[in-house]
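See below for the structure under consideration.
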4 protein chains.
Amino acid sequence: MFKRIGLIAKRGDPRVKGCLDRLINFLQTRQVQIIIDAASARLVSHSNLNIAANTEALGIRCDLIIIIGGDGTLLQSARLLAKHDIRLVGINLGKLGFLTDINPQEMEKYLSEILDGLFIEEERFLIYAEVYRDGQCLSYSNALNDIVIHRWNMSHMLTFETTINGHLVSRQRADGLVIATPTGCTAYALSAGGPLISPSLNALLLVTICPHTLTSRPLIVDGDSCIQITLCRDQIGEAQLNSDGLLCQRLIPGDLVRIEKRQQIRLIHPQGHDHYATLREKLDWGKWL
Amino acid sequence: MFKRIGLIAKRGDPRVKGCLDRLINFLQTRQVQIIIDAASARLVSHSNLNIAANTEALGIRCDLIIIIGGDGTLLQSARLLAKHDIRLVGINLGKLGFLTDINPQEMEKYLSEILDGLFIEEERFLIYAEVYRDGQCLSYSNALNDIVIHRWNMSHMLTFETTINGHLVSRQRADGLVIATPTGCTAYALSAGGPLISPSLNALLLVTICPHTLTSRPLIVDGDSCIQITLCRDQIGEAQLNSDGLLCQRLIPGDLVRIEKRQQIRLIHPQGHDHYATLREKLDWGKWL
Amino acid sequence: MFKRIGLIAKRGDPRVKGCLDRLINFLQTRQVQIIIDAASARLVSHSNLNIAANTEALGIRCDLIIIIGGDGTLLQSARLLAKHDIRLVGINLGKLGFLTDINPQEMEKYLSEILDGLFIEEERFLIYAEVYRDGQCLSYSNALNDIVIHRWNMSHMLTFETTINGHLVSRQRADGLVIATPTGCTAYALSAGGPLISPSLNALLLVTICPHTLTSRPLIVDGDSCIQITLCRDQIGEAQLNSDGLLCQRLIPGDLVRIEKRQQIRLIHPQGHDHYATLREKLDWGKWL
Amino acid sequence: MFKRIGLIAKRGDPRVKGCLDRLINFLQTRQVQIIIDAASARLVSHSNLNIAANTEALGIRCDLIIIIGGDGTLLQSARLLAKHDIRLVGINLGKLGFLTDINPQEMEKYLSEILDGLFIEEERFLIYAEVYRDGQCLSYSNALNDIVIHRWNMSHMLTFETTINGHLVSRQRADGLVIATPTGCTAYALSAGGPLISPSLNALLLVTICPHTLTSRPLIVDGDSCIQITLCRDQIGEAQLNSDGLLCQRLIPGDLVRIEKRQQIRLIHPQGHDHYATLREKLDWGKWL
């Protein structure tokens with residue numbers, strides 16, 4: 001099934017080393033080639049490992065990549081690896097993640113099954129944002145969870161106009177806007193008041209952050225829509241664009257952000273994985289008084 | 001293009017007659033056959049019209065049906081006609097509807113264009129609910145907007161369990177549950193706090209009505225999902241199932257409701273129709289303080 | 001401190017007897033007179049108890065009443081006892097209640113302290129609803145949690161007009177309206193989307209149930225306000241008025257409901273009682289992902 | 001009634017001059033002394049006016065102050081004048097404000113009545129925030145609408161602990177927290193999802209901004225409560241404290257913010273002023289589909 005296994009570990013977490021050592025010991029008992037990225041290689045006791053210069057290089061050489069860390073580590077890797085349509089599986093060091101669902105205590109058991117071909121594979125798409133100023137593309141970034149446009153430094157609310165496939169949707173005055181994939185509905189979109197979305201749905205979610213109106217509601221549109229947000233020229237102050245929580249671009253009045261679905265990764269889960277069980281566990285969803 | 005035009009008018013509205021007479025005068029200037037349902041025929045001044053016994057009969061004989069009334073009239077006709085995958089266009093007697101978007105003042109202009117083949121056609125799917133008691137199917141109904149399970153008579157909250165494709169989603173204590181199509185997101189689901197959904201999205205929306213918890217959120221799942229709701233056996237009191245606002249079935253503890261997408265209609269809009277413009281007009285959406 | 005202790009137990013709960021027997025044994029070791037209502041007396045092993053014909057009679061004779069049951073039992077007793085401005089303390093048979101906060105396992109310890117004068121006393125006010133039809137008062141009821149006006153039987157939404165101290169507040173189309181005391185903010189008002197309110201605040205909370213608009217928000221007004229709700233005459237169908245969840249009156253179009261603060265009870269808590277700890281415990285409030 | 005009238009006008013708005021000239025002409029026909037702040041004096045055609053060095057000086061010398069501008073101008077003046085428990089009346093240059101409710105077209109009529117003693121007077125309290133670092137008070141500020149603690153620069157969510165009168169209320173992970181007066185419930189607290197509150201209620205409103213949980217709700221507490229917010233020491237990144245939208249203090253982990261009611265102003269309204277009418281006008285409140 002999987003023959004070339006890549007390993008990526010979270011930086012700066014003291015729990016990584018023990019987990020990574022155990023993982024390599026386990027993988028060495030299986031007929032697979034192990035490739036580790038250079039930064040993670042410095043953490044482990046094993047020598048003579050195949051080393052890849054960086055995350056992107058792993059993407060070219062591996063057919064399965066194991067992430068040791070949390071949802072943040074998986075998100076960051078996913079953005080870098082998305083161009084390779086790669087398979088990822090996540091081992092969480094701390095509590096259960098939405099994306100990293102294998103507990104270190106049970107990793108040998110579940111990874112055995114996965115290497116034997118017994119697993120669930122889910123496609124999760126990313127979105128791609130391009131920022132245009134005066135007609136020129138300034139920058140671009142991709143995200144597995146969300147692209148967020150947010151006012152910078154609490155100065156004034158933003159005013160912005162949103163179109164979908166060229167149709168005006170709304171003009172709003174707000175702190176910002178979250179454009180999330182179904183994967184991202186449990187991240188910042190949830191904080192901003194958005195709904196839950198089945199991860200397999202081909203849809204994009206728009207949630208306004210602190211709209212200065214009573215009439216705002218989250219909006220869910222077709223995943224193949226082209227969303228454009230234009231910061232109104234008469235607004236005061238600046239904004240910023242974040243991809244999966246990382247600052248990607250400062251925005252000024254008149255800037256246009258164009259967002260579309262592009263690229264995907266393949267999340268590997270153990271057999272019996274149940275997305276709704278994770279929601280109930282993490283969100284206390286369905287618990288009543 | 002369209003050669004056999006069916007007419008259905010709202011019952012009991014004094015504004016219908018004038019509008020229907022004008023509409024028939026207009027259609028008689030075009031090379032089309034006019035067929036009217038028996039109840040509407042009694043309202044008009046014209047004689048010698050082709051009459052269909054009922055709405056279903058119109059569905060067999062026509063390739064376009066014009067509804068004169070409001071969203072309620074169109075909903076009711078759509079449920080009866082859905083098995084014929086029919087084209088419907090709606091003329092609103094009062095204010096702009098989400099479904100009936102032609103103003104009577106402009107109906108000749110827009111219908112001319114539509115008969116000339118200049119129009120926008122949208123597929124809108126219906127959902128189908130079956131109620132099972134002790135393994136037997138008691139009743140079924142279809143809906144273009146929503147299926148609602150609601151407690152009967154304010155006695156006690158309901159407790160119910162929801163599964164999607166056989167996976168447990170939640171156990172809830174609430175007044176009820178709305179299962180809506182994207183078409184229905186502006187109907188009762190909106191009142192219950194649901195998001196807006198693009199009408200073309202292949203998705204189903206679940207919104208809990210007055211959940212007795214802080215942890216409930218609307219849920220959007222794939223349109224091809226099979227949703228099952230089971231009323232818990234330990235609950236006190238009864239519930240009812242409504243399709244597009246009409247009472248269809250009393251429910252008792254232990255009853256199971258199975259809901260799936262089935263059937264569709266084709267909504268015809270004038271060229272230039274803009275769904276988001278209707279949302280802004282009717283919901284004051286995107287209006288800020 | 002307290003010399004005449006009344007006892008009221010929940011009906012039909014098998015856990016009551018053991019708890020009530022223990023409670024009477026404990027109280028007989030203290031220099032207090034025990035008075036029990038006739039229905040509860042039938043549950044206990046002790047004979048020669050002072051018996052009161054009913055709950056109201058207890059209110060006249062006692063200076064502290066102990067409720068064994070849950071929040072529902074305390075609510076029901078409070079409504080009957082409110083005219084006596086009585087002190088109540090609640091022992092919960094099951095899980096922690098918002099109102100009944102003494103666990104049976106620890107009741108001797110906490111009741112000892114209370115009988116020694118070591119306790120927290122909180123005033124909780126009730127609201128009083130009068131229903132007028134054609135200028136005549138049809139009925140009245142009181143509530144410790146909430147008065148709810150709700151459509152009857154899911155027929156059509158209600159349209160109603162709300163005034164506060166004679167000023168029009170809103171005309172709404174909705175399933176209904178909750179008028180809650182601060183005590184009731186964790187009951188049905190919470191399900192309808194209302195905020196949390198400190199129980200000592202002199203305020204009334206209005207939360208619309210499933211409003212058919214985007215522009216509704218909960219409203220908090222001075223506790224001494226006079227709230228009037230009039231069901232619009234052009235609505236179809238009926239409504240009902242519930243006090244603390246019990247049906248009190250069927251309503252028809254044109255009916256006017258007048259709601260004001262009236263009466264109070266005194267809730268006795270063990271020393272160290274912390275309302276916010278109860279909220280965190282019961283609502284998972286302040287828990288993050 | 002009022003003998004010494006102060007005038008304060010918005011800076012940098014071209015509509016001010018005409019309105020201010022008319023206002024002075026009108027006031028010169030009445031037996032009152034007019035005092036204008038130095039900055040506003042430069043805008044007017046009249047000479048020989050009594051000039052006060054600044055807003056605070058006006059507060060000492062006047063018994064009524066007329067604000068020409070919008071809610072922002074009135075807020076700013078109120079903070080500076082609050083120590084004098086002064087009467088303020090607002091003329092809005094643009095659209096109706098929540099605080100500035102006299103239209104310039106009608107100002108002579110309404111001000112005549114007010115000078116004749118025919119008016120409504122409302123007390124509106126302010127809140128006062130002190131920031132403590134390592135036990136030392138770093139800074140303080142007051143606000144008529146709200147004190148907002150917000151993360152700085154989108155880095156990471158804040159984690160903070162809130163106590164009320166020394167009782168722990170919650171530990172939260174969120175973008176921030178709004179502590180609003182009833183006056184401020186239509187400002188940022190509304191954007192963050194808060195309820196509406198009658199302006200006369202003696203209450204404080206806490207609304208969490210984008211909480212990363214499903215279990216957050218707005219909280220309303222007694223107006224005389226002492227609210228303390230402590231930024232958790234283990235958080236990354238910084239926060240800022242804003243008073244009525246103006247940056248007042250950068251915050252670091254470990255900082256404590258103490259907020260209490262202090263000072264008040266007296267808002268003067270024309271007779272017949274109706275707060276709920278303003279809500280309906282500005283928020284489309286009570287409008288249904």
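Here the structure is a predicted model, which means the values were calculated and not measured. Residue numbers begin at 1 in each chain, while the letters A, B, ... track the order of the sequences.
- Between Leu201(D) and Leu201(C), the shortest heavy-atom distance links the atoms CD2-CD2, 4.2 Å.
- Of all heavy-atom pairs between Tyr276(D) and Leu168(C), the closest is CB-O, 3.3 Å.
- What you find for Asp284(D) and Thr215(C) is that their closest heavy atoms are O-OG1, 2.9 Å.
- For the set Cys185(D), Gly193(D), Pro199(D), the entry with the most heavy-atom pairs within less than 4.5 Å of chain C is Gly193(D).
- Among all heavy-atom pairs drawn from Pro195(D) and Pro195(C), the shortest one is CG-CG, 4.2 Å.
- Closest heavy-atom contact between Asp222(D) and Ser198(C): N-CB, 4.4 Å.
- Interface residue Ile164(D): only side-chain heavy atoms are found under 4.5 Å from chain C.
- For the pair Arg280(C) (side chain) and Ser170(D) (backbone), a donor-acceptor distance under 3.5 Å is absent.
- Closest of all the heavy-atom pairs between Arg217(C) and Leu196(D) is CB-CG, 4.3 Å.
- The residue among Gly194(C), Gly223(C), Ala277(C), Pro211(C) with the most heavy atom pairs within less than 4.5 Å of chain D is Gly194(C).
- Between chain C and the residues Ile197(D), Thr162(D), Leu279(D), the largest count of heavy-atom pairs under 4.5 Å involves Ile197(D).
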